[in-house]
Amino acid sequence: MARIILYKIYVLSSDDFLLESVTPLSMASDTVWHPTSFRTHTLDQIQTDGESLVGSEVTICGFMEANRGKGKICFMDVRDGTGRVQIFLKQGAISDEELEMAQGLSRESTVQIVGEVAQKRPPKVAEGEPNPPPTYEVVASKFTVLAQAATPLPLGVTDTVSIGLDTRLDNRFLDLRRAHVNAMFTLRSKVLQYGRDHLITEGFKEINSPKIIASASEGGTNLFPMMYFDTPAFLSQSPQLYKQLTILGGMERVFEIGPAFRAENHDTYRHLNEFISFDIEGAWMNDDDVMCVQERMIHHIWSQVAEHDQDQIEIINQYRETQGDEAITVDVPSLPFPRIEYCDAIKMIQDAGEDISWGDDIDSSHCDIIAAKYPGFHFLPRWPMEMKPFYIHHIPGDVGATGEQLSRGFDLNYGRDEMTSGGQREHNVDVLEQNLRNKGLDPADFAFYTDGFRYGAPPHAGWGLGVARLLMVLTGSRNVRETVLFPRDRSRVTP
RNA sequence: GCCCGUGUGGUGUAGCGGUUAUCAUGAGGCGUUGUCGAUGCCUCGACCCGGGUUCGAUUCCCGGCACGGGCGCCA
């Protein structure tokens, strides 16, 4: 029989904020959690400031993770986005009706509790073991169900049974409540923050380029077509052109964190059809210069995570332990990253007995050979010009072992996986047009691009880095879908 | 797009030409209880879809769909 919720939500009046007991705020991680209309404290504040809060009344909110006990008492584990607290409900302190509702409430329902902070009785420990540090709980005087969760849950938030990725993605809203998944996306936010912070310290300015474009910048990748009113258009596959236009416009150094859309029929652990790219472009720089920017940025991100976010890594490791997976560690890479020029990479692969020759692409199995010697981040600079797009710069006469023209394009790999491609761009319009002709393309078709270079262009360079792939490395994820909230692949457009 | 594999309670699994279809987690009920992976007892819940072979198919075969792995493709 459906239970009818009779309780009204207890909304705090403005006077409540004036109470002395409400004022202490946790400053953990420099975040200021102001009271809201629904709660006076976060659950992390109850634990962190527990000692000073003992005896004072608080109002808290959260998801009910578990409830224990029938009859006269009930214990309830409540979780919010900051932490976890046990609620103690006992006969007499609250109404029998509230107690009964608490005992019968389904997991993951949202609740609001008014109560007094108290030190929790320590759990039983084995003989000789020291008592754990004191923790705090809330003894409820008022209990409200905000929204009841239906049963059964499509996936258990706290269950230890493993869950298939497809089930998880179909129910991402619940999957995200799992501690290690939440930690993953907390880390993603941090990675973006630290990367952004670093680029700003090097003089880069954040830009936003259009994602609806009239034509493809070049052949190669497939575009998603769309209608822009009555005009055919496409979703942008890269901010490449627009980054360059801002450099031509004298912005000196720019970066963008934005989506890229690729209509490729790939279906692998590391490919998505929509992904977030970390892109930079800088004037008066060549490929070496922007590789240095990149390794400094990655070094900064890793250092900051190692210093500030071990708690999130620990949450992920707790989960990995239940799955029999090795713990991950944040190993700050040393600088500079190894540079393995294309010519040397080909030689290394040949020495391993593979049939490959100059001018061939380096595919996944070849990357395994390189990764065996360079397991971490490593750059692969100086690709043959014929393998790189027309806009990549080359220095005439800069040739490889077989006398073929090299380019100033590079990749960044981690192990076998490509993270980045970038390079110095061609800034001389005559060379650009010759490059197009060399690739059998008609310069007239690329006037929208080349015209920007006719009025003085600084030498410049840049790269694009897949955020999700970086997250895979940081968090030990084996599938890029783990690191993207709502991934878009060949067979998934929902949710 | 190609090759290989897998589809069993809500979730994750074991298994079999005839079973009362295994285990864990979960859900429901009763009891005990300052519990904390709560606990004791009881109960509930499943063989992807279509066709074929067979006395009999969840099991074998074919097709479909879905998913997973590998590859290709990939600024």
Side-chain angles (χ1 to χ4, degrees), chain A residues 1 65-78 84-91 103-104 106-108 118-125 132 135 137 139 149-171 174-175 178 216-223 236-241 243-244 260-273 275 277 279 281 318 322-323 361 363-365 368 383 387-392 407 409-411 417-418 420-423 425 449 462-466 469 478-479 481 489-492:
Chain A
M1 196 168 67
E65 203 165 81
N67 50 358
R68 297 176 287 277
K70 295 275 165 61
K72 298 186 199 118
I73 59 171
C74 176
F75 299 97
M76 184 174 276
D77 295 332
V78 174
R84 220 173 243 90
V85 144
Q86 173 170 281
I87 311 298
F88 181 36
L89 303 99
K90 58 181 170 185
Q91 203 172 54
Q103 287 165 337
S106 51
R107 297 192 301 170
E108 294 304 315
Q119 189 171 327
K120 206 173 142 189
R121 294 193 189 178
K124 290 170 200 133
V125 292
T135 58
E137 65 180 9
V139 182
T151 58
L153 297 168
L155 56 88
V157 171
T158 56
D159 296 356
T160 50
V161 294
S162 64
I163 307 165
L165 186 57
D166 210 42
T167 305
R168 293 176 50 201
L169 293 178
D170 282 340
N171 301 280
L174 273 177
D175 184 46
R178 305 203 297 161
S217 316
E218 74 172 84
T221 196
N222 296 314
L223 304 184
S236 168
Q237 80 280 36
S238 163
Q240 173 72 29
L241 167 62
K243 286 190 301 179
Q244 291 189 263
F261 305 92
R262 309 259 167 111
E264 300 293 341
N265 282 333
H266 39 48
D267 195 5
T268 77
Y269 68 90
R270 62 186 187 280
H271 287 281
L272 292 173
N273 295 294
F275 62 92
S277 171
D279 265 89
E281 202 71 30
Q318 279 169 14
T322 70
Q323 302 300 302
D361 200 5
D363 64 30
S364 295
S365 64
D368 288 333
W383 288 68
M387 296 177 69
K388 284 291 171 186
F390 74 92
Y391 57 74
I392 289 291
S407 75
F410 67 90
D411 284 356
D417 294 321
E418 183 182 327
T420 287
S421 79
R425 323 303 187 184
Y449 183 86
W463 43 255
L465 168 65
R469 291 186 182 182
R478 285 178 294 238
N479 193 312
R481 292 160 182 79
D489 61 32
R490 276 196 65 198
S491 55
R492 181 178 285 281

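Lettering follows sequence order; numbering is per chain, from 1.
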Check every strand shown and say whether A/Thr268 touches a base, only sugar-phosphate, or nothing at a heavy-atom separation below 4.0 Å. base

Determine yes or no for a side-chain-to-main-chain donor-acceptor pair under 3.5 angstrom, with A/Ser277 supplying the side chain and A/Ala260 the backbone. no

CD1 of A/Ile73 versus P of B/A38: gap in Å, rounded? 14 Å

Parallel, tilted or perpendicular, judged at 30° and 60°: which one describes the rings of A/Tyr391 and A/Tyr449? tilted

Between A/Asn171 and A/Leu174, is there a donor-acceptor pair closer than 3.5 Å when you use the side chain of the first and the backbone of the second? no

May I have the distance from A/Asp170 (atom CG) to B/G68 (atom P), rounded to whole angstrom? 10 Å

Watson-Crick or G-U wobble partner of B/U32, both distances under 3.5 Å: B/A38

Could you tell me the Watson-Crick or G-U partner of B/C2, where both distances fall under 3.5 Å? Say none if there is no partner. B/G70

Among B/G26, B/U35, B/U11, which nucleotide sits nearest the side chain of A/Arg68? B/U35

Between A/Val139 and A/Leu155, who's closer to the 5' end of RNA chain B by nearest nucleotide? A/Leu155

Please name the nucleotide paired to B/U25 by Watson-Crick or G-U wobble geometry with both distances under 3.5 Å, or report none. B/G10

What interatomic distance, in whole Å, is found between C1' of B/A66 and the corresponding atom of B/C48? 8 Å

Assign A/Gly422 to base, sugar-phosphate, or nothing according to its heavy-atom contacts below 4.0 angstrom with the strands shown. nothing

Any ion pair linking A/Glu281 and A/Lys243 (charged N to carboxylate O, less than 4.0 Å)? yes

Ignoring hydrogens and angles, answer whether the base of B/G12 and the side-chain atoms of A/Gln323 contain a donor-acceptor pair closer than 3.5 Å. no

Below 4.0 Å: OP1/OP2 of B/G26 and any side-chain N or O of A/Thr151: no

Quick one: look up who B/U53 pairs with, Watson-Crick or G-U, both distances under 3.5 Å, and put none if it's unpaired. none

Between B/U58 and B/G51 - P atom distance, rounded Å: 12 Å

Have a look at A/Asp363 and say if it touches a base, only the backbone sugar-phosphate, or nothing, with a 4.0 Å heavy-atom cut-off. sugar-phosphate

In whole angstrom, what separates A/Arg481's CZ from B/G68's C1'? 10 Å

Whole Å only: how far is the NE2 atom of A/His266 from the P atom of B/G69? 15 Å

Answer yes or no: is there a donor N or O on one side and an acceptor on the other, between the side chain of A/Arg262 and the main chain of A/Asn273, under 3.5 Å? no

Give A/Pro239 one of three labels, base, sugar-phosphate or nothing, depending on what nucleic acid heavy atoms sit under 4.0 Å from its own. nothing

Should B/G17 form a Watson-Crick or G-U wobble pair with both distances under 3.5 Å, which nucleotide is its partner? none

Could you tell me how far B/U20 sits from B/U43 if I compare only their C1' atoms? Round to whole Å. 16 Å

Select one nucleotide: of B/U11, B/G34, B/C71, the one nearest the side-chain heavy atoms of A/Lys120. B/G34

So what's B/C47 paired with, Watson-Crick or G-U wobble, going by both distances under 3.5 Å? none

Distance-only side-chain donor-acceptor flag, A/Gln86 / A/Arg68, under 3.5 Å: yes

Just to confirm, is there a sub-4.0 Å distance from OP1 or OP2 of B/G12 to any side-chain nitrogen or oxygen of A/Thr167? yes

If the C1' atom of B/G9 is compared with that of B/G28, how far apart are they to the nearest Å? 15 Å

Roughly how far apart, to the nearest Å, are B/G10 and B/G45 at atom P? 11 Å

Establish, from distance only, whether the side-chain atoms of A/Arg270 and A/Ser364 form a donor-acceptor pair under 3.5 Å. yes

Grab the OH-P distance between A/Tyr269 and B/G72 for me, whole Å please. 10 Å

In terms of side-chain heavy atoms of A/Asp166, which of B/G34, B/C74, B/C67 is nearest? B/C67

Test: A/Arg107 and A/Asp77 ion pair at under 4.0 Å: no

Tell me which nucleotide among B/G34, B/C74, B/C67 gets nearest to the side chain of A/Glu264. B/C74

What's the gap between B/U32 and B/C67 when it is taken at their C1' atoms, as a whole Å value? 45 Å

When all nucleic acid strands are considered with a 4.0 Å heavy-atom cut-off, which category describes A/Asn265: base, sugar-phosphate, or nothing? base

State which of B/G34, B/G10, B/C74 makes the closest approach to the side chain of A/Arg262. B/C74

With a 4.0 Å limit, can you tell me whether A/Arg490 has a side-chain N or O closer than that to the phosphate oxygens OP1/OP2 of B/G1? yes

Closest approach to the side chain of A/His271, judged atom by atom: which nucleotide of B/U11, B/C73, B/C36 is it? B/C73

Can you figure out which of B/G34, B/G1, B/G12 approaches the side chain of A/Gln86 most closely? B/G34

Closest heavy-atom pair and its distance - A/Arg168, A/Arg178: NE-NH2, 3.3 Å

Check the phosphate of B/U11 against A/Arg168, side-chain N and O only, distance under 4.0 Å to OP1 or OP2. Yes or no? no

Whole-Å distance between B/C67 P and A/Leu165 CG? 11 Å

Euclidean distance, atom CG of residue A/Asn479 to atom C1' of B/C67 [Å, nearest integer]: 12 Å

To the nearest angstrom, how far is A/Asp361 atom CG from B/C71 atom P? 14 Å

Which one, B/U11, B/G72, B/U35, comes nearest to the side chain of A/Phe75? B/U35

OP1, OP2 of B/G34 versus side-chain N and O of A/Arg121: anything below 4.0 Å? no

Look at all strands and tell whether A/Gly156 reaches a base, only sugar-phosphate, or nothing, counting heavy atoms closer than 4.0 Å. nothing

Nearest-Å distance once atom C1' is located in both B/G26 and B/G18: 31 Å

Residue whose closest nucleotide on RNA chain B lies nearer the 5' end, A/Asn67 versus A/Ser421: A/Asn67

Spacing of the P atoms in B/G1 and B/C44 (rounded, Å): 46 Å

